[in-house]
Amino acid sequence: MNIFDKIRAFCRPFRIVIGLILIGIGFFTDNYWFYLGVIPLIVGIVDFCPVCIFSKKCTPKTK
């Protein structure tokens, strides 16, 4: 497991939590800008990693 795989393993749950927090803030404050938390939530669920796209050094996912 290289450093990029460690970054990927950390970023996925972090994005999901940040997305849920931003959506929650948007719901309770009625501020629609916080609904942009849907973006990190979807990216975390889909497991899209920009670091892997640009560096091409991550281990490929096996499905």
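Values below: every heavy atom of this structure, side chains too, minus hydrogens, waters and symmetry copies. The structure displayed is predicted, hence computed values, not measured ones.
- When hydrophobic clusters are built by joining Ile, Leu, Val, Met, Phe, Trp and Tyr residues whose side-chain heavy atoms come closer than 4.5 Å, directly or via intermediates, Phe34 is not grouped with Ile39.
- The CG atom of Asn31 lies 9.5 Å from the CG atom of Leu36; values are rounded to the nearest 0.5 Å.
- Contact between Pro40 and Gly19 at its shortest, heavy atoms only, is CG-CA, 4.0 Å.
- Note: the hydrophobic cluster containing Phe27 also contains Tyr32 (ILVMFWY, side chain heavy atoms under 4.5 Å, direct or indirect links).
- In terms of the side chain to side chain contact (heavy atoms under 4.5 Å, CB included) criterion, residue partners of Ile23 (sequence neighbours excluded) are, by chain and number, Tyr35, Val38, Leu41.
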Would you give me the side-chain donor-acceptor pairs under 3.5 Å for residues 10-18, sequence neighbours excluded?
residue, atom, partner, partner atom, Å
Arg12, NE, Gly44, O, 2.8
Arg12, NH2, Ile45, O, 3.1
Arg15, NH1, Phe48, O, 3.0

